[in-house]
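Every chain is numbered from 1 and lettered A, B, ... according to where its sequence line falls, protein lines coming before strand lines. Only heavy atoms go into these numbers, but all of them, side chains included; no hydrogens, no water, no symmetry mates.
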There are 2 protein chains.
Amino acid sequence: MSKCEHCIVRQFNALKELTTEELERISKCKSTLSIKKGELIFSEGEHLKGIYCIKKGVCKISKMSENGKDQIIHLIQKGGLLGERSIINDEVTNLKATALQDMLVCFIPKEEILKDLHENNEFSLGILKGMANSLKNADNVIVNMAQKTVKQRLAETLLFLDTNFEKTEDNKLGLQLSREDIANMIGTATESAIRLLSNFKKKGVISLKGKEINILNTEKLKKIARGF
Amino acid sequence: MSKCEHCIVRQFNALKELTTEELERISKCKSTLSIKKGELIFSEGEHLKGIYCIKKGVCKISKMSENGKDQIIHLIQKGGLLGERSIINDEVTNLKATALQDMLVCFIPKEEILKDLHENNEFSLGILKGMANSLKNADNVIVNMAQKTVKQRLAETLLFLDTNFEKTEDNKLGLQLSREDIANMIGTATESAIRLLSNFKKKGVISLKGKEINILNTEKLKKIARGF
DNA sequence: GTATAAAACTGATAAATATCAGGGTATATA
DNA sequence: TATATACCCTGATATTTATCAGTTTTATAC
C-alpha cells in the first residue's frame with residue numbers, strides 16, 4: 001500500500017502540515033478504499049469513525065431536503081478532505097457523500113486525526129484555514145441561491161465546472177453529470193434545468209451531446225450569470 | 001474599562017479557552033466601541049485590523065448581490081465573534097456587518113489573536129469548533145434557500161427569531177426587523193414578504209403591530225415551514 | 001403640531017418556475 | 001437481439017414570485 005509521506009495529494013489539504021513522523025504513523029493505520037461510481041462513501045446521520053482523503057475521482061456532497069430532493073452542496077475532488085467537521089464537533093454527519101466517478105479514497109481513523117489536532121498546532125491551523133475558506137464559499141452560495149434566477153445559477157454552475165475540473169482532450173467539461181444532478185446543484189426541477197440547457201444550446205452558448213457539455217462562448221455565459 | 005477576564009460574554013465563544021494571563025494581555029489592548037443602531041461595524045472588502053466580540057446588541061451580516069440587494073446571511077448577538085475568518089485567511093472581508101440595535105462591541109487587534117492562535121492550541125480548536133458549527137448551519141441555509149418556497153422560508157425565519165433571540169415581556173419577538181430586512185433574510189422582494197406576513201396574520205398564525213410580531217400558533221408555523 | 005420622508009401596504013400584471021403527462025432515446029441486461 | 005429501465009426531452013398548464021404603480025401609515029425633523 002502506498003505511503004502518505006510519498007503521496008502528492010496531501011499538498012492540497014491540511015495534511016501537508018504534518019511532520020514526517022506523524023505521516024508515517026498515519027500511513028500505518030490508514031486504509032485505501034476503492035469506490036465505484038454511484039456508491040455511497042457515507043450517508044446522512046452516520047457516525048463517522050474517521051476522515052476521508054480523496055486520492056482520485058470526484059464525489060458529490062448532498063443533503064436531503066424535506067420535499068425529498070437531494071440538494072448538492074458541493075463537489076469534492078482529488079486532495080479534498082471529507083468528514084473533518086463531524087469529527088471535530090463529535091457529531092453525526094449532516095451530509096451524504098456519493099461517488100460520481102470511480103474513486104480511490106484513503107480512510108484515516110478518528111483517533112489519529114484527533115491526536116494530531118491536539119498535538120500539532122500548525123495542523124489545527126491548516127484545518128482551520130480550509131474551513132474558513134469553505135465557509136466563505138458557502139456564504140457566496142447562499143447569496144446566489146437567494147438572489148439569482150435559475151438561469152443565472154445554471155450559467156454559474158457551468159462556469160464553475162469549467163474552471164474547477166479537468167477538461168477532456170477535446171476541451172469539453174471533464175466532469176459529466178446527469179441532468180438531475182445538475183438540477184440538484186442549482187436547486188431546481190430537472191425539467192427546468194433541461195429546458196435551460198436547451199435554451200443555452202439554441203443561443204449557441206454551449207453544445208450538447210448526451211452528457212458531454214462544451215462551452216462555446218464563455219463571455220456570454222458570464223453575462224448570463226450576471227443577469228443579462 | 002471592563003476587563004476581559006471578568007467578562008461573562010467570552011463563555012459563549014472560543015475566548016473561553018484562553019488562560020488568565022492571555023486574557024489579561026488582551027484586556028490591555030482591546031478597545032470597547034459603542035455602535036448606534038444602523039451604523040456599520042465593517043463593510044465588504046475592508047481589511048480588518050482585528051476581530052470583534054459582541055458584548056451587547058444584535059447585528060446583521062450581509063453581502064451585496066449583483067442585482068443590488070443586500071442578502072442577510074446571519075444575525076449575530078451577545079457572545080458572537082466577527083471577523084475571525086478574514087484574520088485567519090488574511091483576506092479582506094467578504095461580508096458587511098451592520099448594527100440592528102445599539103451595541104457594545106470589543107475590538108481585539110489582529111496580532112494578539114494571531115499570537116494566541118499560534119501559541120494556544122486549545123484556542124485554535126475552540127475557534128475551529130465554532131467555525132465547523134457555522135459551516136453546518138450554512139449548509140442547512142443553502143438547502144433551505146435552494147429547495148423551499150418563500151412561504152416556507154418566512155415561516156422558518158420567524159421560528160428562528162423565536163427560538164434564538166430574547167422575547168419581550170409580553171412574549172413577542174424581541175428582535176424587531178424592518179420588512180425589508182425580513183425580505184433580505186429569506187431572499188425575496190419586500191412586497192412578497194409583506195404579503196406573506198399579512199397572509200399569516202389572516203390565518204391567525206401571527207399577529208402584527210408595526211414591527212412587533214407575535215407568534216400565536218407555533219405548531220401551525222412549523223407545519224408551514226415543512227410545506228403544508 | 002406640521003411638514004417631510006421613509007416604511008408599510010395593496011392591487012394589477014408580468015415573468016419565472018414547478019408540475020403533470022407523455023414520448024423519445026440511450027443503456028444495460030438477459 | 002430483445003426487453004427492461006433509466007434518462008432525456010417537450011408541451012401544456014398551474015403556481016409562485018417579481019415588478020410596477022400607487023395609497024396609506026408611521027417615523028422624523030423642524
Specify the separation, in whole Å, of atom [atom1] of [X] and atom [atom2] of [N].
X        : N      : atom1 : atom2 : answer
A/Lys209 : D/dC9  : NZ    : C1'   : 18 Å
B/Lys201 : C/dA8  : NZ    : P     : 14 Å
B/Arg195 : D/dT17 : CZ    : P     : 12 Å
B/Leu208 : D/dT26 : CG    : P     : 12 Å
B/Leu154 : D/dT16 : CG    : P     : 15 Å
B/Glu180 : D/dA18 : CD    : P     : 14 Å
B/Gln152 : D/dT17 : CD    : C1'   : 14 Å
B/Lys148 : C/dT17 : NZ    : C1'   : 19 Å

For this session: Specify the residue among A/Leu196 and B/Glu191 whose closest nucleotide of DNA chain C lies further upstream toward the 5′ end.
Result: B/Glu191
Exercise. Between B/Asn214 and B/Lys172, is there a donor-acceptor pair closer than 3.5 Å when you use the side chain of the first and the backbone of the second?
Worked result: no
Exercise. Contact class for A/Thr190 (heavy atom, under 4.0 Å): base, sugar-phosphate, or nothing?
Worked result: nothing
Exercise. NA contact type, B/Lys211, heavy-atom cut-off 4.0 Å: base, sugar-phosphate, or nothing?
Worked result: sugar-phosphate
Could you check whether [X] pairs with [Y] (Lys NZ or Arg NE/NH1/NH2 to Asp/Glu carboxylate O, under 4.0 Å)?
X        : Y        : value
A/Arg179 : A/Glu191 : no
A/Glu39  : A/Lys36  : no
B/Glu46  : B/Lys96  : no

Problem set entry | Any side-chain heavy-atom pair of B/Lys63 and B/Asp70 under 4.5 Å | no
Exercise. Hey, mind stepping through B/Lys167 and B/Asp162 against salt bridge (Lys or Arg N to Asp or Glu O under 4.0 Å) and telling me if it holds?
Worked result: CA-CA 7 Å; B/Lys167 314 288 279 293; B/Asp162 186 45; 2.8 Å; yes
For the side chain of [X], counting heavy atoms from C-beta on, which of [options] is nearest?
X        : options                : answer
A/Ile194 : C/dG11, D/dT17, D/dT10 : D/dT10
B/Ser178 : C/dT19, C/dA8, D/dT17  : C/dA8
B/Ser198 : C/dT10, D/dT19, C/dA18 : C/dT10
A/Arg179 : D/dT17, D/dT10, D/dC8  : D/dC8

Exercise. Can you give one letter per nucleotide of nucleotides 22-30 of chain C, going 5' to 3': B for a protein heavy atom under 4.0 Å from the base, S for sugar-phosphate only, - for none?
Worked result: ---------
Exercise. Any side-chain N or O of B/Ser192 under 4.0 Å from OP1/OP2 of D/dA18?
Worked result: yes
Exercise. Between the side chains of B/Glu156 and B/Asn144, is a donor N or O closer than 3.5 angstrom to an acceptor N or O?
Worked result: yes
